[in-house]
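Throughout, a chain's letter reflects where its sequence line sits, starting with A, and its residues are numbered from 1.
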Amino acid sequence: MSSYTHHDEPFYRKYIWSTDHKIIGLQYGFTALFFLLVGFTLMMIMRWQLAYPESPVPLVGSIFGEDGILLPEIYNSLGAMHGTIMIFLGIVPLAVGAFGNYIVPLQIGAPDMAFPKLNAASYWSYLVGGIVMMSSFFTAEGAARSGWTSYPPLAVIEVGQTLWLIGMIFLITSSLLGSINFITTIVQLRAPGLSWMRLPFFVWAQLVTAFLLLLAFPPLESAAVLQLMDRVAGTSFFLPSGLVVSGEILDVSGGGSPLLWQHLFWFLAHPEVYVLILPAMGIVSEVIANNTRKPLWGYKSLVFAVVFLGFMSFIVWAHHMFITGMGTAMSDFFQTTTMIISIPSIIILSAFFISLWGASIRFNTPMLFALAFLPMFGIGGLTGLPLGLAAADIYLHDTYYVIGHFHYVVAPGTIFGLFAGIYYWYPKITGRKMSETMGKLHFWPSLIFMNGVFMPMFIQGLAGVSRRLWDGGLEYAHASGVLHWNEFMSISAWLLGLAQIPFIFNIFYSLKFGEKVGKNPWDSTTLEWTAPSPPLPHVNFEKIPEVHREAYEYSVPGRKRDFTPQTVPKKG
Amino acid sequence: MLEFLKHYGLPIHLSTAGPGIDEIIVLTHWLMLFLFVGWGAFFIISLVKFRASKNPKADHEGVKSHLSSVLEVAVAVIEIVLLIGFAFPIWASRVNDVPTAAEDGAVHIRVIAQQFAWNIHYPGADGIFGETKVDLVDEEENPIGLDRSSVGGSDDFYTINQMHIPVNRKIRVDLSTKDVIHSFKLPELRVGQDAIPGMIIPVHFEATMTSEEYLQKMADTPRKGKGLEIVCAQLCGLGHYRMRGYLTIDTEADYKSWLDSEAQYLEEYEDDEW
Amino acid sequence: MDIPYTVEERSDTGLFNAKLGIWLFLASEVMLFGGLFSAYIFLRFGAPDGAFHEWGQELNIPLATLNTLILISSSVTMVMSWASLKLQDIKKYKLYMGLTLLCALGFLVIKYLEYTAKFDHHIFPSTNTFFAIYFTLTGLHGLHIIGGMIVLFYLWIPGRKMWLSNSEQFTNRVEIVGLYWHFVDLVWIFLFPILYLL
Amino acid sequence: MSTNHDTKDIQQHIKVYMIVFATLAALTVATVAASYLDLSRGEAIFLALTIASVKGSLVASYFMHLISEKALITWILMLTAVFFFILMFIPMTSFIDQSRLG
Ligand code: HEA
Ligand code: HEA
Ligand code: CUA
Ligand SMILES: [Cu+2]
């Protein structure tokens, strides 16, 4: 990666305090992958307790006390931190921070992001937030243990929450700085000729994502400030009067409302789930167009759908709150918007499917992951429908059905999309391809075990098993018929962990031994492939490219090659 | 489909709200299945038919028809039907048709959740709930802070984690919580409602089967011998996993005698006190 | 290759980068205060009838009125300092920028007096929900003032040398910071009635 | 850069700033005065918020030049305003629900 040294910068300027979007993208990428691994490790530990309740955890059990058993309060901590880490420290930084940073400027033919220093500040703020979050494990109180949703009053009276809130404030600041940068970059720095309808779909997805972050995150920031006030200044924003905790009347003024938190939280957290999925959809669209050797089908409707999806995602949040005592007006409104928002998703997915028809499909590793994304997201998305109908949600709310629903969208959905992106753009970043053999060794077990972990969750959920149960439902009679699945799911999860070893190995192995390739190994049309691999430090391109055509001119009849890069001038 | 879902987890229902809720779950799963199988088939066929080794040259345009828009409109229409035909009315009856003891002869019970137990408060023979006050709360003696001297309070009784209801009668539960958010869930009755601090939320349902009949039905399943339970479905602290109550659905006669025995017990207890 | 449109405007959007950037930032600020205003309304409705009004009587309206006038003045001096640069009058710029900072300082001093008066009367954020939201909103607003002052100070003295090397970019910077400053003023224009008067 | 025409323009602007400043100050005094009037709760709220909105629009339009700003920015702000009002008022429906619960 270090063969291009145009500017003579000292090491720390180049790799640590860098303002080059590519270095920052890589910093984001590695930090986020590290956190993904951490979040996954927490879950692999928790899955032991779920499979074999109250038996000592092997290998790491001694951390949790003498007998090695994962106590309920630790289980709750790990659960809350798994959710937080996966979403805020893993997927979003990887999907937006890493892919957005590295690829967007290249795809629009810009020399860098619009505000390079802000970009660096955004990364460092993220890192500080991450460190604050992680350090909470090592404090006397331990980490947050009220779920990633941090519902008060529990979150206000439980220990460990303060550092979570402070960490969140850093993470939110980081996202805000990042999203300002992305929008400005995409609006202002598009290369000459790159009009809106010529943008690769990935850029559109990132643009909408940035708007979601920009406008939905601040309310959570204010909510975090309020909860922090409740904890440290003794206010009662989220505490009503007359609470009795452990036999003592809670010594606060009261007058607040726990529902206020839920509104502010979900006002962010619903758009947030589309922040998790849209970049992955963007990646998948690039990989599919490239490996079908066909333009994306219905590009205009895709763009329209993703913008509409972004807008709608602001007005569905209360579908997470159906069971909180909602009346008819509000529940009817939010059910309707929830059903409406499923339509653009179906439009997007349908366009991807239809793109396959008439194609000439190359089954390389990025394509395999992108293809697997489609039915996996399909399962996750479809199971969102019964949850969105309040009547069905009465029964399904807070069961493993919900856990299954969203893991299908985020794990074999988003994570697969991100894997596809890593395999696809690796040659651009390093000048070498990743090993295909190891890639397939990574793909197939991952696909199988992902389903092994998450499919039984629907069964448990239908049986009514609640989430966040320390013993996985052992206590409850209604769980007895489906309890045996816990072991199956846990073993799948551990095998899923093993399946990541070829991937991690591949990343480092291919750095040195991967097949050397030129600028455009996949015969792609978009701009990033006209830059050298890796792109020049700070400037990316030898010369700012000029764009003459749409994003996906593949297999145009009558042309010699089956792809025409966007930079090729139109004749006459 | 219902059989299918039942095979995969869904317990039988034993409340009047059950059929409606199960129906909407089933219908939605039909829609999901239809979409998944339809697109799945298209997907697999495309992958096989258009693999590069078989189809080396891609067709620039691909599908020309816009049939997919028809499909999307169809899905939208089905969703509208699900909403207007099923989801809205069920919800409306859930939140609006709250029965009262006076008009509908409903059994009126209060449930006060706390970390990590369910306090079930019955109004006693007079049918009037006494007042509850936070400053009277004593975890040992008086967990719900009942004021015995208030109107109607003298014959109230409460149980911890033991809820008895009669079969085929409307039940109204006024749900509240002393500390954090809990969620009152009776999976087999398809009842679920969060208990939100500072709010009293009415929940209502009607059981169609006694516990005994239910147990008989479950005789050959992994559930045999295990009665009905109250689930806490919302994370409420380290004891969340074991915040379980017991629900007994009695015949009218059994319910009466249970009430009597509780009243009796209360009297004896009071006698001890004085 | 430099990043384009840092100074000149892009022809199809008519904007230079930082102009768009600051407006996006302000949009997010709108949502940040939106969350807090939402909390304000929620708590106001949740409180007993008229309680918010009553609790608010404790506040010092004349002082707050003075503060409003001070902040409005600082907005004017701010925009004047930018206009001075447009007129190539760096002396006037220095004067107006200094005045802006002075106003900001005055605002904070008065805020400090108000806060200590409350604490002396044993009124704290934990007293009731009105004071909870009062202290949070004004505190956060105060932090915005302090943040703005740091940047203003930078542009007033240390950053001013840019005027000699790239006067246009310097003018742009002052405009950008001005936009932020006016926004902080704008927030106060709403805070003043909802906290003090209603 | 600064042409003669520009200079004229700016001087024109400065005049406007002064007028706006005076209006803002007057409105501040007016809103304080109004709060001492014997108005009903609703009227008082309406009046105070109306005055605040007028003041706010003046600051935004003239000091922040929104009145002559590019369309793109106006669009972004309009979008923000929509979400702002959604955030402000939809959570309030929880109170309607609570009043139903009595
Ligand atoms: C990336 C994340 C993501 C995405 C995209 C979605 C998408 C959707 N979600 Fe999900 N959701 C979450 C993440 C996500 N969700 C999370 C994290 C939670 C839980 C939070 C918590 O409580 O902790 C949650 C919870 C959640 C709830 C609350 C449940 C409860 O707590 O009771 C609801 C309710 O309405 C819901 C609905 C939906 C709907 C209708 C969609 C729709 O947008 C889905 C639309 C998509 C489709 C309809 C699929 C279309 C595809 C096809 C038709 C193709 C078929 C494919 C093949 C055959 C190959 N979700
Ligand atoms: C983006 C979000 C995300 C992701 C990706 C995941 C991924 C996974 N989750 Fe998680 N989960 C949540 C978000 C997520 N989860 C949330 C929000 C909750 C609710 C928390 C709460 O209740 O509050 C939850 C809860 C939750 C539960 C329920 C706990 C309970 O209710 O008690 C379970 C149970 O099995 C679970 C399991 C898993 C598993 C097995 C994975 C696996 O799919 C993980 C797969 C991971 C990988 C495959 C990692 C790959 C990366 C690498 C290998 C790194 C390589 C590194 C380098 C090169 C340096 N999760
Ligand atoms: Cu009570 Cu969970
Ligand atoms: Cu949602």
Side-chain angles (χ1 to χ4, degrees), chain A residues 72-73 147 151 153-154 240 242-245 247 249 258 293-294 297 323-325 327-328 331-332 335 339 343 346-347 350 353-354 356-362 378 382 385-386 389-392 394-395 397-398 459 462-464 466 468-471 475-478 480-482 555-557, chain B residues 5 8-11 21 24-25 28 32 36 39 42-43 46 50-52 55-60 62-63 68 72 75-76 79 82-83 87-88 90-92 95 134 137 139 178-181 187 190 192-194 196-199 201 222-223 226 229 231 233-238 241-242 244:
Chain A
E73 53 269 38
Y151 280 5
L154 184 64
L243 293 186
V244 184
V245 178
I249 296 179
R293 317 305 297 160
K294 263 177 90 252
W297 190 85
I323 313 297
T324 56
T328 46
S331 99
D332 290 355
Q335 291 181 74
M339 288 302 114
I343 301 294
I346 295 182
I347 294 179
S350 300
F353 283 126
I354 296 174
L356 299 175
W357 196 265
S360 172
I361 303 173
R362 305 190 301 211
L382 290 173
L385 297 178
L389 294 165
I394 297 171
Y395 181 69
H397 177 66
D398 266 342
I459 301 174
L462 277 175
S466 303
R468 295 165 169 169
L469 293 176
W470 173 63
D471 59 3
E475 192 86 0
Y476 284 109
H478 65 270
S480 44
V482 293
S555 303
V556 180
Chain B
L5 292 181
Y8 286 102
L10 193 68
I21 290 177
I24 192 165
I25 293 179
T28 322
M32 290 152 63
F36 190 76
W39 274 128
F42 182 88
F43 181 54
S46 312
F50 298 109
R51 60 186 192 276
N55 195 34
K57 183 113 189 61
D59 171 7
H60 179 72
V63 173
S68 65
E72 280 138 19
V75 173
E79 286 179 349
L82 282 173
L83 282 174
F88 289 177
I90 293 177
W91 195 264
V95 298
V134 278
V137 170
E139 289 304 327
K178 276 160 72 176
D179 38 41
V180 303
I181 301 178
R190 307 290 189 264
Q193 173 62 53
D194 282 0
I196 307 284
M199 289 165 75
I201 306 174
R223 275 207 65 163
K226 296 180 183 167
E229 293 168 349
V231 180
Q234 179 65 266
L235 179 66
C236 52
L238 58 90
Y241 74 98
R242 58 177 159 81
R244 173 191 49 176

Could you check whether any side-chain N or O of [X] sits under 3.5 Å from a backbone N or O of [Y], counting only pairs where one atom can act as donor and the other as acceptor?
| X | Y | answer |
| --- | --- | --- |
| Gln193(B) | Ile323(A) | yes |
| Ser466(A) | Ala233(B) | no |
| Trp297(A) | Val63(B) | yes |
| Asn55(B) | Ala359(A) | yes |

Roughly how far, to the nearest 0.5 Å, is the [atom2] atom of [Y] from the [atom1] atom of [X]?
| X | Y | atom1 | atom2 | value |
| --- | --- | --- | --- | --- |
| Tyr151(A) | Ile181(B) | OH | CD1 | 7.0 Å |
| Ile201(B) | Thr324(A) | CD1 | OG1 | 7.0 Å |
| His60(B) | Ser555(A) | NE2 | OG | 8.5 Å |

Specify which of [options] makes the most heavy-atom pairs with chain B at under 4.5 Å.
| options | value |
| --- | --- |
| Ile394(A), Leu356(A), Ile347(A) | Ile394(A) |
| Gly247(A), Gly378(A), Ser350(A) | Ser350(A) |
| Leu389(A), Leu154(A), Ile459(A) | Leu154(A) |
| Leu243(A), Val482(A), Ile346(A) | Leu243(A) |

Glu475(A)/Arg244(B) salt bridge by N-O under 4.0 Å criterion: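 Yes, Arg244(B) and Glu475(A) are salt-bridged.
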Shorter than 4.5 Å, heavy atoms on both sides: which option in [options] has the most such pairs with chain A?
| options | answer |
| --- | --- |
| Ile25(B), Leu235(B), Val75(B) | Leu235(B) |
| Ala76(B), Ser46(B), Ser68(B), Gly198(B) | Ser46(B) |
| Met32(B), Glu139(B), Arg242(B) | Met32(B) |
| Pro187(B), Ala52(B), Ala92(B), Cys236(B) | Ala52(B) |

Geometric class of the Phe43(B)/Phe353(A) ring pair [parallel <30°, tilted 30-60°, perpendicular >60°]: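 Perpendicular, since the angle between the ring planes exceeds 60°.
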What heavy-atom pair brings [X] and [Y] nearest, and what distance separates the two atoms?
| X | Y | value |
| --- | --- | --- |
| Pro222(B) | Ser480(A) | O-OG, 3.7 Å |
| Ala391(A) | Ile24(B) | CB-CG2, 4.1 Å |
| Lys226(B) | Ala477(A) | CB-CB, 3.4 Å |
| Trp39(B) | Ile354(A) | CH2-CG1, 4.0 Å |

Candidate pair Val245(A) and Lys178(B), rule side chain to side chain contact (heavy atoms under 4.5 Å, CB included), full reasoning: CA-CA 7 Å; Val245(A) 178; Lys178(B) 276 160 72 176; over 6 Å; no
Interface moiety of [X] toward chain A, non-hydrogen atoms closer than 4.5 Å:
| X | value |
| --- | --- |
| Thr28(B) | side chain |
| Glu229(B) | side chain |
| Leu5(B) | both |
| Ile196(B) | side chain |

Contacting region of [X] [heavy-atom separation from chain B under 4.5 Å]:
| X | answer |
| --- | --- |
| Ile249(A) | side chain |
| Pro240(A) | side chain |
| Pro386(A) | both |

Close side-chain approach of Gln234(B) and Arg468(A), heavy atoms under 4.5 Å: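 Yes, close enough: below the 4.5 Å cut-off.
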Side chain to side chain contact (heavy atoms under 4.5 Å, CB included) assessment of Leu82(B) paired with Met339(A): CA-CA 10 Å; Leu82(B) 282 173; Met339(A) 288 302 114; 6.0 Å; no
Residues Trp91(B) and Ser331(A): side-chain donor-acceptor under 3.5 angstrom: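 A pair is found: one side chain offers a donor N or O, the other an acceptor, under 3.5 Å apart.
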Test log, rule side chain to side chain contact (heavy atoms under 4.5 Å, CB included), inputs Tyr476(A) and Tyr241(B): CA-CA 9 Å; Tyr476(A) 284 109; Tyr241(B) 74 98; over 6 Å; no
